[in-house]
Amino acid sequence: MKINLTVNGEKREVEVKPQTRLLDLLREDLDLTGTKEGCGKGECGACTVIMNNELVASCLVLAIQADQSEIITIEGLNCQDELHPIQKAFINKGAVQCGFCIPGMIMSSKQLLDENINPTEAEIKRGLSGNICRCTGYVKIIDAVKEAAHKMKSRGEDDD
Amino acid sequence: MKKQSKGVKDRPRISGKDFNQYKYFRPKSKKELIRIINGFQEDLTIIAGGTDLLVANYQKLYEIKNWLDLNLLDELKNIKMFDDKVEIGSMVTHQRLSKLDQIKELFPVLHQAAADVGSPQIRSRGTIGGNIVTSSPAGDLLPPLLIYDAKLKIISGEGSRVVDANEFFTGPKKNILKKGEILEKIIIPLKEDIYKGAWIKVGKRKALIISSISLALNLSMDRSNLIKKARICIGSAAPVPLRIKTAEQAILKEELTKINIEEVAQIVSEKISPIDDIRGTAKYRRQVALNITRKALSEVMNQ
């Protein structure tokens, strides 16, 4: 079955099977391996992408269900050669250890900040509640989201 | 070379053109849906949000043959407000329920339960209809629907029927739906009463957790501030979401401040039939049932 979708602003046409997951489509067909597979059950958030302005676990979306949709993955965040403010903040704050969860963490952070540029710490925790990190203990990740919010707010625009 | 995901044997190659033997239906209208149900005789697996189905079937995805995907049915995504009722389409997501001010105002317990489901990633896909039809005793929207006396409209090739949500569930993951029947919408009656409600979910962590036990409470008060109608429903502590009718009776016509909290808590704890499982022992659940009933009643007293 052929589906058409927009991935990171680019129109793509892909042949999929009914059991192909959006995650498989991104990683294996489109070679966008920034999106990770952790649990495969929607619990860890490593496969998080933004689909039609909503956060989804791409392991729990069938590729066919992404037909006609608009997907943003971690690869679609940077503007030309410049990193997204959230990515910069994660680097500045040292919020990354092994890094496996980070693409998902950053996509959830983006969705959170797109909806609410001024989140409280509780709101950040809730926004990231679908993402598990086994290294950092989350403190620096939360610091990074705060810094990103501050930078994005003071610049007055989101440059995605 | 493409690597296979861990733990999955014989998963078919990702891209291919050889799957014509199976069907993937994506009806866009109720008419088309009914035509498919009537016309297609082989096994159909119905997928709504997929947050349960795709987890349960991931290890054996290739066993699902023909899919019926409800995600393009915009008619099932409506929320309609009437003077005497609210109709919620079965494909409305937890996300929408948890973000709508009208739901928060009219049905705060349902609103809170929807906001507590899973995670942002789960709430954006999971649907109220999926929660109902999956019929897990731990389905978090079920106790709230029962305390609001929700009705369910079911459609099929032969017509439609409306049933009380309280009569829909027959056991763990079991319900009265017959083959070829689809849950179309949830109808919640509106009364002019003043409502006071509470939602308590107990689990090992806040996000992404299946409830160990949950409680939904709704009291409607009459003009002299006596309890006119009481609804207490417990989730995850019986084969189905369970209304504790004895406890509801016990506080009828009482003044809110004069409720015997201990008596109600004892009844609730005795009437449930919890089991030992990975999320807690039966003994633990009975104890927690006591505590959350006390807490819920104290909460409504202060509203």
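We use all heavy atoms of the structure for the numbers below, so side chains are in, but hydrogens, waters and symmetry mates are not. Just so we're on the same page: letters track the sequence lines, and every chain starts at 1.
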Exercise for the section: Report the option among Gly49(B), Ala207(B), Pro120(B), Gly118(B) that has the most heavy-atom pairs separated by less than 4.5 Å from atoms of chain A. Expected result: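 Looking at each of Gly49(B), Ala207(B), Pro120(B), Gly118(B) in turn, Pro120(B) comes out on top.
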
Which value, rounded to the nearest 0.5 Å, describes the distance between [X] atom [atom1] and [Y] atom [atom2]?
{"X": "Gln121(B)", "Y": "Asn131(A)", "atom1": "CD", "atom2": "CG", "value": "5.0 Å"}
{"X": "Leu128(A)", "Y": "Ser119(B)", "atom1": "CG", "atom2": "OG", "value": "11.0 Å"}
{"X": "Lys23(B)", "Y": "Met1(A)", "atom1": "NZ", "atom2": "CE", "value": "9.5 Å"}
{"X": "Ser129(A)", "Y": "Ile122(B)", "atom1": "OG", "atom2": "CD1", "value": "10.0 Å"}
{"X": "Leu53(B)", "Y": "Leu62(A)", "atom1": "CG", "atom2": "CG", "value": "8.0 Å"}
{"X": "Asp69(B)", "Y": "Gln65(A)", "atom1": "CG", "atom2": "CD", "value": "4.5 Å"}

_Contact class of Leu72(B) relative to chain A, heavy atoms under 4.5 angstrom_ =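 When you check distances to chain A, no heavy atom of Leu72(B) falls under 4.5 Å.
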
Note, Arg125(B) side chain near Glu54(A) side chain (heavy atom, < 4.5 Å):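 Counting from C-beta outward, Arg125(B) and Glu54(A) never come under 4.5 Å.
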
Does [atom1] belonging to [X] count more than 12 external heavy atoms closer than 6.0 Å?
{"X": "Lys77(B)", "atom1": "NZ", "value": "yes"}
{"X": "Lys88(A)", "atom1": "NZ", "value": "yes"}
{"X": "Ile210(B)", "atom1": "CD1", "value": "no"}
{"X": "Lys146(A)", "atom1": "NZ", "value": "yes"}
{"X": "Asn53(A)", "atom1": "CG", "value": "no"}

Practice item. Return each pair, listed once, that meets side-chain hydrogen bond (donor to acceptor under 3.5 Å, both in side chains) where at least one residue sits in residues 109-118 of chain B; pairs must be two or more places apart or across chains. Key: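 For residues 109-118 of chain B, and leaving out neighbouring residues, the side-chain hydrogen bond (donor to acceptor under 3.5 Å, both in side chains) pairs sorted by first residue read Gln112(B)-Asp116(B), Asp116(B)-Trp199(B).
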
Applying side-chain hydrogen bond (donor to acceptor under 3.5 Å, both in side chains), which residue pairs with at least one partner in residues 67-77 of chain A are found, sequence neighbours left out?
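Sorted result for residues 67-77 of chain A: Asn8(A)-Thr73(A), Asp67(A)-Arg26(B), Thr73(A)-Glu75(A).
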
Quiz item: Which answer fits Ser58(A), side chain, backbone, both or neither, if we ask what part of it has an atom under 4.5 Å from a heavy atom of chain B?
Solution: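 Answer is neither: Ser58(A) stays 4.5 Å or more from chain B.
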
Is there any residue in residues 89-106 of chain B with a non-hydrogen atom under 4.5 Å from a non-hydrogen atom of chain A, and which ones are they?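 Against chain A, the residues of residues 89-106 of chain B that fall inside the cut-off (heavy atoms, under 4.5 Å) are Gln95(B), Lys99(B).
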
Checklist entry - Do you know which of Arg126(A), Lys125(A), Met51(A), Arg27(A) has the most heavy-atom pairs with chain B at a distance under 4.5 angstrom? => result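 Looking at each option in turn, the highest pair count goes to Arg126(A).
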
Of all the heavy-atom pairs spanning Val56(A) and Ser124(B), show the shortest one and how long it is.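 Looking at all heavy atoms of both residues, the shortest contact is CG1-OG, 3.7 Å.
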
Heavy-atom closest contact (Leu54(B) atom, Leu60(A) atom, distance):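 Closest heavy-atom pair between Leu54(B) and Leu60(A): CD1-O, 3.2 Å.
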
Salt bridge (charged side-chain N to carboxylate O under 4.0 Å, His left out): pairs with one or both residues in residues 32-57 of chain B, sequence neighbours excluded
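Listed by first then second residue: nothing to list.
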
